[in-house]
Amino acid sequence: MTGSAITGWGKCLPPTVLTNHDLEMLVDTSDDWITSRTGIKERRISHVGTAELATVAGFRALAAAGLEPPDVDLVSVATCTPDMLLPSAASLVQDRLGAVNAGAVDQNAACSGFLYSLITASGMVQAGIVESALVIGAERLTYFIDFTDRGTAVLFGDGAGAVVVQATDEPGGLKGSRMGSDGSLAKLLWAPGSGTATDRVALESNHKHLAVEMNGPEVFKKAVTAMGDAAAAVVEQAGWALDDVDILIPHQANIRIIDATARRLHLDPAKVFINIASYGNTSAATIPIALTEALEMGRVEPGARIVFAAFGAGLSWAAAAYEFGSRTEPLGVSDAELPPTDGDVMALLAENFAYFGGGPDR
Ligand code: COA
């Protein structure tokens, strides 16, 4: 069987920032509470749709891999917040990139989605089904966040990250993987009213809004065990000792969940990559954004043994043990950028406030 390697990486963070202090104007919360209970200081709010975030991250990952869009066989987008129900976000991205020789598909495993897509694409490369895949995690979750609900308002942000997976003769690549789900816990984190099980007429006459709803403490408990168990299992499957792990790149939903996962692996905190303070939980975009930042900061050495771990709505979870290749520098840099915006966060959220209520003048 061929090997697979991550040969390109890139991220796209929309520039507009919503700080904890901004949130103090929107809900009954405080910078102290958010920082101490979650580790988040600020998050980004997108002025464009998910496909546009994904496209910019995709261009950047392709440039880092030294590939042109027509070189790619598959565009896989992990998202639970596509621009529309159909076509897929991946088809929109494939067109915008000019990836004219690629198939395109979305995968939705919520915050675990990128790892599901990475594992699937790596398997397809290793099986010889495709030679190269662009795997993107992209979300505009704040579109579905009710900023009058302090249980969810403080946690989520927007963004996209991408990697290129290519066939290689080098050793390394995906050494262990786990994917799990417990759909009996669906109601702990869901967006009822967003699909075909909805009575649209009742929804409208009850003035009910389509929002992400969450039982935070219950999700927290399940996340700690599921993510920790999956991470430990892939280390064992890879045949690594816990000491062999060079870096843990976990889903960034809550600093206390990240700490618990690291403790489960008996990891030195210096081996854990954390950027939750800057972006909050960007769902499926979190891990490719974090991997890209870790590479940019020189935190991923050639041949690094990486553990990725995530959990999310479903409930779903996933982990991967990944031995990185010998190249940790990008081959090229893309000039792709988002369209400009003036950075006025409350103006950007005006449509959200008009829909859900609330806002700085509440
Ligand atoms: N600001 C201020 N106070 C808040 C608050 C907020 N944003 N959210 C909740 N509180 C209050 C509660 O009302 C409660 O007050 P009380 O003790 O007077 O009743 C208190 O803080 C504790 O609430 P609780 O919900 O038990 O807090 P917690 O420590 O579990 O933290 C979360 C809440 C949401 C941060 C935490 O449960 C969490 O991160 N869960 C996982 C969520 C997640 O990761 N989701 C995404 C999955 S990908």
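Each ligand, and each atom within it, is numbered from 1 in the order the structure gives.
In the vicinity of Phe311, heavy-atom distances shorter than 4.0 Å reach the ligand 1 atoms 44 (O), 47 (C), 48 (S). Of all the atoms in ligand 1, the ones that sit under 4.0 Å from a non-hydrogen atom of Arg37 are 29 (O). Residue Val154 approaches ligand 1 through these ligand atoms, each under 4.0 Å from one of its heavy atoms: 7 (N). Every atom of ligand 1 is numbered from 1 in the order shown, and the set under 4.0 Å from a heavy atom of Thr38 is 35 (C). Near Asn281, the atoms of ligand 1 lying under 4.0 angstrom from a non-hydrogen atom of the residue are 46 (C), 48 (S). Taking every heavy atom of Gly312 and a limit of under 4.0 angstrom, the matching atoms of ligand 1 come to 48 (S). Contact atoms of ligand 1 toward Arg256: 28 (P), 29 (O), 31 (O) (distance under 4.0 Å to a heavy atom of the residue). Within the listing of ligand 1, atoms 48 (S) sit less than 4.0 angstrom from a heavy atom of Cys111.
Looking at heavy atoms from C-beta onward, Leu134 lies in side-chain contact with Leu62 at the 4.5 angstrom threshold. Side-chain contact between Pro69 and Phe59 is present, with heavy atoms from C-beta onward closer than 4.5 Å. Considering only heavy atoms from C-beta on, Ser76 stays 4.5 Å or farther from Thr120 through its side chain. Taking 4.5 Å as the limit, some side-chain heavy atom of Cys80 sits within range of a side-chain heavy atom of Leu141.
Within the 4.0 Å heavy-atom shell around ligand 1 one finds Pro217.
Not a single protein heavy atom sits closer than 4.0 Å to atom 17 (O) of ligand 1. Shown here, atom 47 (C) of ligand 1 is in close reach of the protein: a heavy atom of it lies under 4.0 Å off. Distance remark: protein heavy atom not present below 4.0 angstrom from atom 14 (C) of ligand 1.
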Inset, instruction - Go through the steps for Val72 and Asn101 under the test side-chain contact (heavy atoms from CB on, under 4.5 Å), then give the verdict. - result: CA-CA 7 Å; Val72 176; Asn101 297 310; over 6 Å; no

Inset, instruction - Tell me, with the steps shown, if Arg178 and Asp229 meet salt bridge (charged side-chain N to carboxylate O under 4.0 Å, His left out). - result: CA-CA 10 Å; Arg178 272 285 184 286; Asp229 287 353; over 6 Å; no

Inset, instruction - Evaluate side chain to side chain donor-acceptor pair (under 3.5 Å) for Thr282 paired with Glu139, printing each intermediate quantity in order. - result: CA-CA 6 Å; Thr282 56; Glu139 302 278 17; over 6 Å; no

Inset, instruction - Could you go through the side chain to side chain donor-acceptor pair (under 3.5 Å) check for Gln166 and Thr7 one step at a time? - result: CA-CA 7 Å; Gln166 280 185 272; Thr7 57; 2.6 Å; yes

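Residue contacts with ligand 1: Thr29 is placed with a nitrogen or oxygen under 3.5 Å of a nitrogen or oxygen of the ligand (distance criterion only). An N or O contact shorter than 3.5 Å links Arg150 to ligand 1 by distance.
Counting heavy atoms under 4.0 Å from ligand 1, residue Ile34 does not touch it at all. When non-hydrogen atoms are compared, ligand 1 lies under 4.0 Å from the backbone of Phe220 as well as from its side chain. Looking at Val27 against ligand 1, nothing comes within 4.0 Å, counting heavy atoms.
Atom 42 (C) of ligand 1 has Met214 SD, 3.6 Å as its closest protein atom, hydrogens excluded (heavy atom only). In this structure, the protein non-hydrogen atom closest to atom 23 (O) of ligand 1 is Trp33 CZ2, 4.5 Å. The nearest heavy-atom contact from the protein to atom 44 (O) of ligand 1 is Ala253 CB, 3.3 Å. Residue, atom and distance of the protein heavy atom nearest to atom 40 (N) of ligand 1 are Gly216 O, 3.0 Å. For atom 39 (O) of ligand 1, the closest heavy atom belonging to the protein is Asn254 ND2, 2.7 Å.
Of the options Arg43, Glu42, Glu293, a side chain to side chain donor-acceptor pair (under 3.5 Å) to Tyr279 is made by Glu293 and by none of the others. Among the candidates Val345, Thr341, Asn352, the single residue satisfying the side-chain contact (heavy atoms from CB on, under 4.5 Å) test with Ile45 is Val345.
Using a cut-off of 4.0 Å between Lys/Arg side-chain N and Asp/Glu carboxylate O, Asp246 and Arg299 are scored as not salt-bridged. Under the 4.0 Å criterion applied to side-chain N and carboxylate O atoms, Asp83 and Arg140 are not assigned as salt-bridge partners. Salt bridge absent: Arg44 and Asp158 never bring a charged side-chain N and a carboxylate O closer than 4.0 Å.
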